[in-house]
Amino acid sequence: MSTSITINVNGRDIEARKGEMIIKALERDGIHVPTLCYMKDLAPTGACRMCVVEIEGQRTLAPSCAFPVAEGMVIQTHSPRVKMARKTIIELLLADHPDDCLYCERSGQCQLQTLAIEYDVRQRRVMGSKSHCGMDFSSPSLVRDPDKCILCGKCVRICEEVQHVSAIDFTKRGSESLISTTFDQGLNISSCINCGQCITVCPTGALREKRSIREVAEALNDPEMTVVVQHAPAVSVALGEEFGMKQGTDVVGVMHTAFRRLGFDNVFSTSFTADLTIMEEATELVQRVTGGGALPMFTSCSPGWVKFVEQYHPDFLKNISTCKSPQQMMGAVIKTYFAEKNKIDPAKIFSVSVMPCTAKKFEITRPGMGRDGVRDVDAVLTTRELAKMIRAAGLDLSKLEPTPADTPFGNRSTAGKLFGASGGVMEAALRTGYFLITGNELEDLKFEAVRGLDGIKEAKIPITDDLTIGVAVASSLANAQTLIEQIRNGRDDLHFIEVMTCPGGCVNGGGQPFYQDEDAVRNRMGALYKIDMEGDIRCSHQNPAIQELYAEYLGEPCGHKSHEILHTHYTKRETTI
Amino acid sequence: MFPKGVQGILDRYPNAGRDQLIPILQEVQDSMGYLSKGAVVAIGKALNLPASKIYGVATFYNQFRFEPLGKNHVQVCRGTACHVKGSGTVLEAMEKELGIEAGQTSRDGNFSIEVVACIGACGLAPVIAINGEFHAKVTTDQISGLLAEYRETEEQA
């Protein structure tokens with residue numbers, strides 16, 4: 001049976017697949033209809049009505065995101081009637097919108113603003129009463145400004161369907177409708193895991209990260225402070241997009257130069273401590289597998305995932321690796337080893353990290369992430385915030401000369417760089433784990449089975465004749481939830497599970513440049529794998545700077561000193577779930 | 001762990017799914033007078049639904065309240081006849097007098113206000129009911145005195 005049918009769009013016949021929604025066929029043919037609530041992989045809601053089209057024989061306009069194609073359908077996507085309807089919708093959405101675009105965080109990157117320009121809305125025709133809900137600043141990671149919300153519901157859906165968290169939902173009714181938490185509490189005491197995926201899908205300025213630019217700028221202007229910066233693996237392959245570069249461009253060299261021009265004293269790479277994480281985590285895994293310990297072991301680098309387990313699955317806390325995340329490990333070695341070596345008082349070091357993530361802003365506030373009243377990391381900037389700082393300093397990335405990061409924490413293996421992609425931690429851990437168990441190096445370093453954008457990836461990796469390790473990689477918490485349920489129901493063939501909170505891993509994090517479609521994520525991922533292919537040192541244990549750090553300071557992986565500064569613990573968390 | 005009454009109600013709905021949510025919410029409110037935070041969380045656990053979803057459903061309907069009732073419960077009718085006869089200003093005056101909004105309970109716990117759609121006494125519009133006692137053809141300047149009566153009864157008792 002043929003699944004292909006023909007529909008006529010704007011006077012032209014195009015092919016469509018039986019049962020699909022009109023918008024899918026239009027997309028494939030390169031016809032763009034505007035949307036505000038449409039989410040590609042999720043069930044349609046038809047909430048915003050921006051995507052309406054005119055179908056011959058239908059009395060009313062139909063939302064193309066929620067209307068299936070039929071053989072012989074005749075559609076107009078940009079007829080005067082359709083365009084007028086869309087313009088009216090925009091005018092109505094703007095009727096109760098605060099008129100503060102000039103001051104809005106999202107100005108220039110706001111879909112509502114863009115549509116208002118596209119549809120030539122040049123005067124206020126409808127004036128509605130404005131809502132004054134007040135902003136929610138309670139979360140360490142996110143800020144909610146419901147007055148700017150257009151109730152498209154994307155944040156609610158990504159929180160529920162992709163992350164399985166449901167911290168927010170529609171409340172009340174009619175003109176009082178509002179997206180809010182349970183009992184309108186602050187996000188900080190809700191079940192929000194700070195991943196920031198809601199920010200990336202929000203079409204307006206109703207959701208944004210909590211900014212840290214000011215505190216960083218203050219530290220940079222303080223002559224007494226040594227300001228140290230680390231950048232996560234996924235940042236350098238996405239930052240370029242903020243400056244109009246092609247998706248997947250790696251700007252690591254010029255970014256280092258930009259950091260120095262901004263006034264940072266030392267520029268380090270979080271990929272270095274990703275290598276360190278691998279040394280600790282692979283050792284921990286080997287200990288658990290050979291010496292008995294809670295299995296499967298879950299990774300701990302994604303702070304959203306850690307909070308998710310703390311509030312929903314406290315019985316699995318013993319399964320999470322005790323390793324701090326690479327960000328926190330870097331913070332810890334900066335304020336201990338680096339401070340001692342350079343004879344700087346740790347309290348006089350301001351440690352900044354640039355992350356593709358909003359949950360990292362939360363992670364630095366966790367208990368146990370510092371010592372003697374000094375925090376390991378003092379401020380977290382998202383990739384977007386870094387772009388703002390670079391622009392504000394008048395730096396043109398395309399004109400800067402690339403420079404390397406500083407030693408010793410700027411030297412990484414390419415395995416550490418892979419942390420930015422879903423499956424990357426797994427691949428890096430397998431390379432080193434194989435070496436730790438067998439004493440030999442792998443011949444083929446590539447683990448194809450754990451690469452790519454699938455939500456759950458699994459593999460059986462033979463290590464020795466009697467030892468085969470079962471591994472799984474989950475990205476997005478709904479997928480992690482699936483694995484947890486399988487394990488709870490008795491599944492026992494898995495030893496090691498990597499979980500990334502965001503779909504596709506950190507390259508698709510909540511702090512990355514806006515409008516990350518699947519292509520952007522794929523290209524950023526591709527850039528990381530290209531860096532790995534072309535690297536000289538591709539395994540964490542081969543990184544000479546790591547070997548030196550162990551020889552000079554830490555002793556051995558999972559040794560006494562490591563436990564003191566590189567490991568942490570988790571506790572059951574009481575939140576409104 | 002959960003409020004006792006709530007658990008008792010939930011026990012009577014074994015294997016309940018989301019389609020039982022509203023009857024459960026109604027029953028809990030009937031027995032406790034309002035939906036407490038603990039009750040919402042407990043219902044969520046029992047139905048395997050996130051608390052935010054339950055709060056979202058409950059706030060959609062006017063019938064649910066999230067604060068305990070006051071000692072004196074004021075129902076202001078906002079049905080069509082009362083509306084035409086000015087119940088909007090009556091409600092406004094009531095809210096101003098008590099310093100609370102519809103759905104809330106005054107801090108001293110003496111009064112709570114509820115908006116109801118129609119209490120079937122259209123001939124008496126605008127009508128309010130305090131503790132089930134009807135007051136007909138209410139005007140805004142009567143409200144202060146009316147409330148004072150209930151306050152006094154409270155003090156004498």
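None of the values given here were measured: they were computed from a predicted structure. Side chains are part of it too, since the values below use all heavy atoms of this structure and drop only hydrogens, waters and symmetry mates. Letters A, B, ... are given to chains in the order of the sequence lines, protein chains preceding strands, and every chain is numbered from 1.
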Flag yes if more than 12 heavy atoms outside [X] fall under 6.0 Å of its [atom1] atom; otherwise flag no.
X      : atom1 : result
A:H313 : NE2   : yes
A:K130 : NZ    : yes
A:K318 : NZ    : yes
B:R18  : CZ    : no
A:N489 : CG    : yes
B:R107 : CZ    : no
B:N15  : CG    : no

Using non-hydrogen atoms only, which part of [X] is less than 4.5 Å away from chain B: side chain, backbone, both, or neither?
X      : result
A:T181 : backbone
A:E160 : side chain
A:F170 : backbone

Turns out that what part of B:L35 lies under 4.5 Å from chain A's heavy atoms comes down to backbone

Determine, stepwise, if the pair B:S52 / A:T182 fulfils side-chain contact (heavy atoms from CB on, under 4.5 Å).
CA-CA 4 Å; B:S52 62; A:T182 316; 3.6 Å; yes

With B:Y55 as partner, the option from A:D169, A:T171, A:D184 fulfilling side chain to side chain donor-acceptor pair (under 3.5 Å) is A:D184

Between A:K172 and B:T59 the two heavy atoms that sit nearest each other are N-OG1, 2.8 Å

Residues 74-89 of chain B: residues contacting chain A (heavy atom under 4.5 Å, by number):
none

